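Owing to the predicted nature of the structure, the values given are computational and were not obtained by experimental measurement.
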Amino acid sequence: MRAYRERVARTREQDACPGALQVHRAADGALARMRLPGGAITTVQLETLARAATDWAAGTLELTSRGNLQIRGVTDTAAVADAAASAGLLPSPTHERVRNIVASPLSGRVGPAADIRALITDLDEAICADPELAALGGRFLFGIDDGRADISGLGADVGVHVQSDTAALLLAGRDTGVRLALNDVVPAMVAVARRFAAGRGTAWRVKELVDADALLGDLIPSEAPGATWPAVTRPPVGWLVQHDGRVTLGAAVPLGVLPARTAEYLTAIGAPMAITPWRSILVFDLDEEAADVALRVLAPLGLVFDENSPWLSVSACTGSPGCEHSRADVRADAAAAAADPSPVHRHFVGCDRACGSPPAGEVLVATGDGYQARDTPP
């Protein structure tokens with residue numbers, strides 16, 4: 001297959017994106033990242049990662065902008081990988097870094113939108129079953145939006161926006177005009193990803209291609225292409241009533257840093273959970289009494305349940321001392337900025353790589369002498 005023309009030239013051909021088996025060597029030690037398709041995580045899995053962070057790392061879990069979890073300062077990478085595997089977090093060692101699926105986390109429980117939970121499972125299984133997709137880069141992102149428009153604005157490389165009994169196919173967050181029956185969603189997404197993997201050249205993301213629509217192959221647009229969705233930057237927090245009358249608790253995690261001890265309190269609730277792309281946690285299927293007790297225990301531990309909290313409008317990369325590229329302790333500066341609320345989401349970064357930047361708001365880049373504002377890309 002021909003290589004697609006690239007918009008941006010890449011000089012680094014090796015994929016350094018970390019996983020549980022291939023870690024990143026940071027200034028503060030090894031970093032291991034666990035992919036959680038759709039953000040879903042069980043109490044056993046979270047308990048296992050919390051214990052691993054306590055025994056062989058820095059004692060915290062970090063929530064990423066893709067709804068994944070990572071552990072910093074790992075001193076025994078083999079032990080952490082074994083723990084992840086024992087908890088069912090590594091269903092395919094060859095594909096563990098490409099299981100990047102963001103999806104509407106409240107789907108099927110809160111709100112009138114479609115239930116896309118089965119699509120998440122089917123897509124993850126299809127990715128793992130396709131040997132060609134092991135060649136995808138660790139930054140390639142799949143997105144499934146249930147129609148509430150919380151995921152489509154994140155600009156996933158290949159995504160779908162469900163509309164009743166059909167779905168719009170998206171490339172880099174843009175509607176291609178292709179409409180799919182729900183039964184065709186997973187095969188179509190896998191086919192597009194396979195074409196990208198085979199012909200990407202040195203591109204890591206679909207947005208780096210000049211002729212991205214060539215990835216559609218024989219998929220024919222039936223609607224006008226080009227529509228996009230605004231980016232969501234704030235997580236759902238607080239007391240959320242489900243369709244069945246039970247409660248979902250939404251808790252933001254300030255700067256995405258979750259102490260292992262707090263994670264253990266979350267697992268004690270004994271309910272299914274999801275990590276969201278907005279660095280928050282959803283705890284599902286609670287009766288009112290359990291939800292009330294959980295809220296009273298978790299709020300004093302630093303989790304944020306107030307939708308007006310300034311913590312919802314600030315985020316940061318790792319910064320110093322964990323990252324050798326950083327020119328500042330950006331988390332400390334972001335925490336200080338939270339005391340001065342802004343109507344615009346602010347993301348503090350330590351260098352021009354701007355890791356973890358949201359698709360909307362303001363990126364503040366450390367210069368060594370303060371910060372320089374840079375708007376996030378559209």
Worksheet item: Which pair of heavy atoms, one from Ala53 and one from Ala260, lies closest together, and at what distance?
Response: CB-CB, 4.4 Å
Discussion item. Would you compute the distance between atom CG of Asn100 and atom CG of Asn68 and round it to the nearest 0.5 angstrom?
Written reply: 6.0 Å
Worksheet item: side-chain contact (heavy atoms from CB on, under 4.5 Å) between Asp352 and Arg327: does it pass, once the steps are laid out?
Response: CA-CA 10 Å; Asp352 291 333; Arg327 304 184 186 97; 4.3 Å; yes
Fill in: Distance, nearest 0.5 Å, that separates CG of Leu136 from CG of Leu141
11.0 Å
Worksheet item: Looking at side-chain heavy atoms only, is the closest gap between Val186 and Leu119 below 4.5 Å?
Response: yes
Discussion item. Do Leu31 and Ile71 have side chains that approach each other closer than 4.5 Å (heavy atoms only, starting at C-beta)?
Written reply: no
Practice prompt. Could you grab the distance from atom CD of Glu223 to atom CZ of Arg179, nearest 0.5 Å is fine?
Written response: 5.0 Å
Worksheet item: Does any N or O in the side chain of Asp146 come within less than 3.5 Å of the main-chain N or O of Ser104, such that one atom is a donor and the other an acceptor?
Response: no
Worksheet item: So which heavy atom on Ala134 is nearest to which on Val98, and how close?
Response: O-CG1, 4.5 Å
Worksheet item: Looking at side-chain heavy atoms only, is the closest gap between Val206 and Val158 below 4.5 Å?
Response: no
Worksheet item: Between the main-chain N or O of Gly137 and the side-chain N or O of Asp15, is there a donor-acceptor pair closer than 3.5 Å?
Response: no
Item to complete: Mind checking the OG-CD spacing from Ser342 to Glu362? Nearest 0.5 Å is all I need.
Response: 7.0 Å
Worksheet entry | Rounded distance (nearest 0.5 Å) linking atom CZ of Arg33 with atom CD of Glu62 | 9.0 Å
Discussion item. Under the rule for ring-ring contact (aromatic ring centres under 6.0 Å, His included), what residues qualify as partners of Phe142, not counting sequence neighbours?
Written reply: Phe140
Fill in: CG/Asp369: more than 12 non-hydrogen atoms of other groups inside 6.0 Å
no
Practice prompt. Go through the steps to decide whether Arg148 and Leu106 satisfy the test side-chain contact (heavy atoms from CB on, under 4.5 Å), and finish with yes or no.
Written response: CA-CA 10 Å; Arg148 74 184 70 217; Leu106 290 171; 3.7 Å; yes
Item to complete: State, yes or no, whether a side-chain contact exists between Leu63 and Leu69 at a heavy-atom distance under 4.5 Å.
Response: yes
Response to the item:
Taken in chain and number order and not counting sequence neighbours, the residues that satisfy ring-ring contact (aromatic ring centres under 6.0 Å, His included) with Tyr371 are Phe348
Item to complete: Please examine the side chains of Val253 and Leu303, heavy atoms only from C-beta on, and report whether any two atoms are closer than 4.5 Å.
Response: yes
Discussion item. Just so I know, are the side chains of Phe196 and Asp157 near enough to count as touching, which here means a heavy-atom distance under 4.5 Å?
Written reply: no
Worksheet entry | Non-hydrogen atoms of Ala103 and Ile120 that approach each other most closely | CB-CD1, 3.4 Å
Worksheet item: Val185 and Ala167: which non-hydrogen atoms are nearest, and at how many Å?
Response: CG2-CB, 3.8 Å
Worksheet item: Within the side chain of Ser107, is there an N or O that forms a donor-acceptor pair under 3.5 Å with the backbone of Ala114?
Response: yes
Worksheet item: With no hydrogens and no angle check, is any side-chain donor or acceptor of Arg200 less than 3.5 Å from a backbone partner on Ala203?
Response: yes
Worksheet entry | Exam field: side chain His95 to backbone Asp130, donor-acceptor pair closer than 3.5 Å | yes
Worksheet item: So if you build clusters from Ile, Leu, Val, Met, Phe, Trp, Tyr with side-chain heavy-atom gaps below 4.5 Å, do Ile101 and Leu133 land together?
Response: yes
Discussion item. Do Pro91 and Glu125 make a side-chain contact, defined as non-hydrogen atoms from C-beta onward lying under 4.5 Å apart?
Written reply: no
Worksheet item: If you group Ile, Leu, Val, Met, Phe, Trp and Tyr by side-chain heavy-atom gaps below 4.5 Å, do Ile116 and Leu154 land in one group?
Response: no
Worksheet item: What do you reckon, is CD of Gln163 surrounded by more than 12 foreign heavy atoms closer than 6.0 Å?
Response: yes
Worksheet item: Would a distance-only check, ignoring hydrogens and angles, find a side-chain to backbone donor-acceptor pair under 3.5 Å from Thr367 to Gln372?
Response: no
Worksheet item: OG1/Thr176 to CG/Leu171 distance, rounded to the nearest 0.5 angstrom?
Response: 5.5 Å
Worksheet entry | Worked check of side-chain contact (heavy atoms from CB on, under 4.5 Å) between Leu364 and Val349 | CA-CA 6 Å; Leu364 299 172; Val349 296; over 6 Å; no
Fill in: Co-membership, hydrophobic cluster, residues Met273 and Met34, 4.5 Å side-chain
yes
Practice prompt. Is it possible for you to say whether Val110 and Ile275 belong to one hydrophobic cluster, with membership spreading through side-chain heavy-atom contacts below 4.5 Å?
Written response: no
Item to complete: Walk me through it: do His161 and Asp175 pass the test side-chain contact (heavy atoms from CB on, under 4.5 Å)?
Response: CA-CA 9 Å; His161 190 97; Asp175 186 357; over 6 Å; no
Worksheet item: Hey, is the main chain of Cys128 close enough, under 3.5 Å, to the side chain of Arg99 for a donor-acceptor pair?
Response: no
Worksheet item: Do Leu301 and Pro259 touch side chain to side chain, with heavy atoms closer than 4.5 Å?
Response: no
Worksheet item: What is the minimum heavy-atom distance between Met189 and Gly143, and which atoms define it?
Response: CE-O, 3.6 Å
Please report, to 0.1 Å, the donor-acceptor pairs under 3.5 Å made by any side chain of residues 229-242, with sequence neighbours excluded.
| from | atom 1 | to | atom 2 | distance (Å) |
| --- | --- | --- | --- | --- |
| Arg234 | NH1 | Ser313 | OG | 2.7 |
| Arg234 | NH2 | Glu307 | O | 2.6 |
| Gln242 | OE1 | Thr248 | OG1 | 2.7 |
| Gln242 | OE1 | Asp285 | N | 2.8 |
| Gln242 | NE2 | Asp244 | OD1 | 3.1 |
| Gln242 | NE2 | Asp285 | OD1 | 3.1 |

Just distance, no hydrogens or angles: give the donor-acceptor pairs under 3.5 Å from side chains in residues 213-221, sequence neighbours left out.
| from | atom 1 | to | atom 2 | distance (Å) |
| --- | --- | --- | --- | --- |
| Asp213 | OD1 | Arg174 | NH2 | 2.6 |
| Asp213 | OD2 | Arg174 | NH2 | 3.2 |

Practice prompt. Using atom types as modelled and distance alone, determine if a side-chain donor or acceptor of Asp124 lies under 3.5 Å from a backbone N or O of Ile127.
Written response: no
Item to complete: Return yes if some donor-acceptor pair links the side-chain N/O of His347 with the main-chain N/O of Cys355 below 3.5 Å, else return no.
Response: yes
Discussion item. Could you check whether any side-chain N or O of Gln22 sits under 3.5 Å from a backbone N or O of Gly19, counting only pairs where one atom can act as donor and the other as acceptor?
Written reply: no
Pairs of donor and acceptor atoms involving the side chains of residues 72-83, under 3.5 Å and at least two apart or interchain, shall be tabulated with distances.
| from | atom 1 | to | atom 2 | distance (Å) |
| --- | --- | --- | --- | --- |
| Arg72 | NE | Asp28 | OD2 | 2.9 |
| Arg72 | NH1 | Thr318 | OG1 | 3.1 |
| Arg72 | NH2 | Asp28 | OD1 | 3.1 |
| Arg72 | NH2 | Gly322 | O | 3.3 |
| Thr75 | OG1 | Trp56 | O | 3.1 |
| Asp76 | OD1 | Ala78 | N | 3.4 |
| Asp76 | OD1 | Ala79 | N | 3.0 |

Worksheet item: Among pairs that include at least one residue of residues 267-280, which meet side-chain hydrogen bond (donor to acceptor under 3.5 Å, both in side chains), considering only residues two or more places apart or in two chains?
Response: Thr276-Ser280
Worksheet item: In terms of hydrophobic clustering (I, L, V, M, F, W, Y; side-chain heavy atoms under 4.5 Å; direct or indirect links), are Val304 and Val247 co-clustered?
Response: no
Practice prompt. Kindly check if the number of other-residue, nucleotide or ligand heavy atoms within 6.0 Å of CZ (Phe305) is above 12?
Written response: yes
Response to the item:
Minimal heavy-atom distance between Ala30 and Val23, with the atoms involved, is CB-CG2, 4.0 Å
